[in-house]
Amino acid sequence: MAELWASVVNWFMGLGAEYGVDPIIFGSIYVGAIPFFSASVAWLVRNLRSGRSAGPPMLSASFFALSAYLYLFWVGENLPLWVYAAVALLLAYGIFASVQSMRKQVSISAPPVDEDNQFDVIVIGGGAGGLTAAGVATNIGADTLMIEKSKLGGDCTWYGCIPSKALLKSAKVAHTVQHADAYGVDAPNASVDFAAVMERVRTLRQDVYEEADAPEIFEEMGIEVAHGTAHFVDDHTVAIDTEDGTRHVRGDRIVIATGARAVTPPIEGLDDVPYLTNHSLFELDEQPARLAIIGAGPIGIEMAQAFTRLGSAVTVVEMGDRILQNDHPDLTRMLRSRLEDEGVRFVLEARVERVASSDNGSIRIHAVQDDAEHTIAADDVLLATGRVPNVEGLNLEAAGVEYARNGIPVDDSGRTNQCHIMAVGDVTGRYQFTHMSEHMAKTAMTKALLKVPMSFDTAHVPWVTYTDPELAHVGATEAELEANGTSFATYRFPYSKVDRAITDGDTLGEIRVYATAWNGKILGASILGARAGELISELALAMRNGVTLRALSDTIHPYPSYGLAVRRVADQWYAQKQSARVTRWVQRLFGYSGPVIEPDADRIV
């Protein structure tokens, strides 16, 4: 071994005489390049395993490999042929890998794109997520293109939030007028003009569109709005098909925000009968005397109450054993009882086997419940059985974007498996809320364009079902906390003790807050009651910012208000923290002689 080492040292020190270089300088450069060369090779291996470009790491490895011999090549004399060959091969391969990388970025099938069709950000879809993404991008300073195949606003404006809430308001007015005598008001001859109700719904959504979603609003912000159907040509190129032809655009970053649509369940005979979804429901002008709704989620339950109050006989068919499966069972039971009192009929734990048209033009729904078949006759059928993401026609394969039937998988900042392509909103399958689409878009664009380390806030997601009374939730559910073994206490306050609810005659419901017993840290909350959608926002703000029940209880709320109910439920934390032992010590210290109240978890103060 000693002889081998000596021969290596002699060879190395003899480089000066053989090639005319200083062996110490050569050795220092060579050894210094080794870690950088090794890091470049590791980078190359990682990219090859993940399917990313080999060009940049190959060039890096080539540079550091060449730098190890550059001194030898520059000042050396009588160099052997293999040194020149090694230099030429390394340089040639680096250039070849870079060219291949660029060819992948610019697909051969993609036509050349001029400067006017190149953008910093391309947003596909003009719903809540797309509008937010485009707005954030242009405010950051990115040259932004937004593509929409129909009208801006998406499902929320045209088929969801806006028209459904407008319909619910008309239904509530009708219900209030019909029960005006409960408030000491005589309202004779009250009737519902269904066509006028639906015309109001369509007028309001048009007003919202013109006020908030019209293309001119975004064009004034500097966003280019293109109308047409978009699909990928490669991972940076998008084709927009219009009546006038096809336009090709390229983007450094691309956001997929194409939303979702109502799913059509595999029910025998469904293709042979007319049926409604949220996309066609608000185009009705003639009120169905009998409406059957398949599905007892938020859409189904909201529309069940609305149409019942407007005068339809409504039957809701649901496979599960209760309505609104994601909400607290006690609260959904209370809401179901209210809806049944108003006239909604529920057929639970029932599987729809088939549907068929009758000779009189009605639709017959055959459902199996407890091994017995039930037949439900209806004039119209509304499908409210969930939603499926809009990924068809995008040609995601050309962009190398992975997707599944339930949506496009993304990380917690909205990135797909292609780092420069993001997906937000319903198309990801993660959430089905407009407010979460906006939150996802804001997070994704801020991180992508500003490199701010942001991720989705999944711990404080609120949701609301806008029935009367409303049903709302934020944070962890009681079932989730129990399943995770989390130590918590439940603090309740009924609407029957909220003075504002008493004066309004809206006393059905209660607030439930799940929090740690020792310091009142809020873990989740559920509310059934009037204005629950507004009240849940205060609890969501408190959760996100670490505001405890003690702090909420110490915060002055106006009286009489519904918001005071949040303070009252927070008061229950104080009540349950009360200690009889401490009270007795206070009595001894100050000489008080009143009764000592024992803490009781079921007592409402």
Side-chain angles (χ1 to χ4, degrees), residues 155 159-160 164 167 260-284 286-327 329 332-333 335-340 342-390 392 405-407 426 429 432 465 467 471:
D155 264 26
Y159 315 114
S164 65
L167 187 64
R261 64 186 184 279
V263 66
T264 303
I267 298 174
E268 180 184 341
L270 193 59
D271 293 337
D272 300 324
V273 300
Y275 60 84
L276 299 168
T277 69
N278 65 305
H279 275 239
S280 55
L281 178 67
F282 304 107
E283 307 308 318
L284 288 177
E286 184 176 342
Q287 182 174 5
R290 299 167 298 176
L291 176 65
I293 300 177
I294 301 176
I299 295 175
I301 294 303
E302 287 182 2
M303 293 301 96
Q305 185 177 49
F307 275 83
T308 296
R309 287 181 163 186
L310 291 172
S312 298
V314 177
T315 301
V316 178
V317 184
E318 165 62 34
M319 289 184 64
D321 60 351
R322 63 185 182 92
I323 67 174
L324 301 169
Q325 295 283 337
N326 292 328
D327 289 283
T332 59
R333 195 159 31 247
L335 177 59
R336 174 188 164 190
S337 179
R338 161 64 67 85
L339 297 178
E340 287 177 329
E342 292 186 7
V344 180
R345 176 193 174 201
F346 290 97
V347 182
L348 303 180
E349 296 184 272
R351 184 179 68 257
V352 177
E353 292 283 332
R354 66 186 186 279
V355 296
S357 296
S358 300
D359 293 338
N360 60 4
S362 66
I363 301 170
R364 303 185 71 81
I365 301 167
H366 301 272
V368 175
Q369 181 189 49
D370 297 329
D371 296 328
E373 184 173 296
H374 298 262
T375 301
I376 302 162
D379 300 300
D380 278 307
V381 177
L382 171 63
L383 301 182
T385 51
R387 296 169 62 75
V388 61
N390 293 320
E392 295 82 0
R405 185 181 181 277
N406 61 344
D426 291 1
Q432 299 289 326
T465 301
T467 47
L471 181 59

Whether T308 side chain and G343 backbone form a donor-acceptor pair below 3.5 Å: no
D155 side chain reached by H279 side chain, heavy atoms, under 4.5 Å: yes
Non-hydrogen atoms of V317 and A350 that approach each other most closely: CG1-CB, 4.0 Å
Test item: L324 and P298 side chains (from C-beta on) under 4.5 Å apart, heavy atoms: yes
Residue pairs involving residues 310-320 (criterion salt bridge (charged side-chain N to carboxylate O under 4.0 Å, His left out); sequence neighbours excluded): none
Nearest-0.5 Å distance that lies between atom CZ in R338 and atom CD in E342: 6.0 Å
V263 to R405 - nearest heavy-atom pair and separation: CG2-NH2, 4.3 Å
Point-to-point distance, once rounded to the nearest 0.5 Å, from CD of E373 to CZ of R351: 10.0 Å
Considering all heavy atoms, the nearest R354-I267 contact: CA-CG2, 3.8 Å
Where at least one partner belongs to residues 263-278, residue pairs that pass salt bridge (charged side-chain N to carboxylate O under 4.0 Å, His left out), sequence neighbours excluded: none
Backbone N/O of R290 and side chain of D379: donor-acceptor pair under 3.5 Å: yes
D370 side-chain N/O to A372 backbone N/O, donor-acceptor pair under 3.5 Å: no
M303 vs L276 side-chain heavy atoms within contact, under 4.5 Å: no
Nearest atoms (heavy-atom pairs only) where A262 meets R387: N-NH1, 4.2 Å
Rounded distance [0.5 Å steps], CD1 in I363 versus OG in S358: 8.5 Å
Min side-chain heavy-atom separation L281-L382 under 4.5 Å: yes
Listed partners of T465 passing side-chain hydrogen bond (donor to acceptor under 3.5 Å, both in side chains), at least two apart: none
Contact summary for A296 and I301, nearest pair of heavy atoms: O-CG1, 3.6 Å
Atom pair CZ/OG1 of R261 and T277 - distance to nearest 0.5 Å: 10.5 Å
pair L339-V314: side-chain heavy atoms closer than 4.5 Å: no
Intermediate values then yes/no, side-chain contact (heavy atoms from CB on, under 4.5 Å), L383 and I294: CA-CA 5 Å; L383 301 182; I294 301 176; 3.9 Å; yes
Candidate pair D380 and F307, rule side-chain contact (heavy atoms from CB on, under 4.5 Å), full reasoning: CA-CA 12 Å; D380 278 307; F307 275 83; over 6 Å; no
Min side-chain heavy-atom separation S164-N278 under 4.5 Å: no
Any side-chain heavy-atom pair of T264 and Y275 under 4.5 Å: yes
Rounded distance (nearest 0.5 Å) linking atom CD of Q432 with atom CD1 of I299: 8.5 Å
pair T315-I365: side-chain heavy atoms closer than 4.5 Å: no
Spacing of CD belonging to Q305 relative to OG1 belonging to T467, to within rounding of 0.5 Å: 5.5 Å
Heavy-atom pair with the smallest gap, counting every atom of Q325 and G320: NE2-CA, 3.7 Å
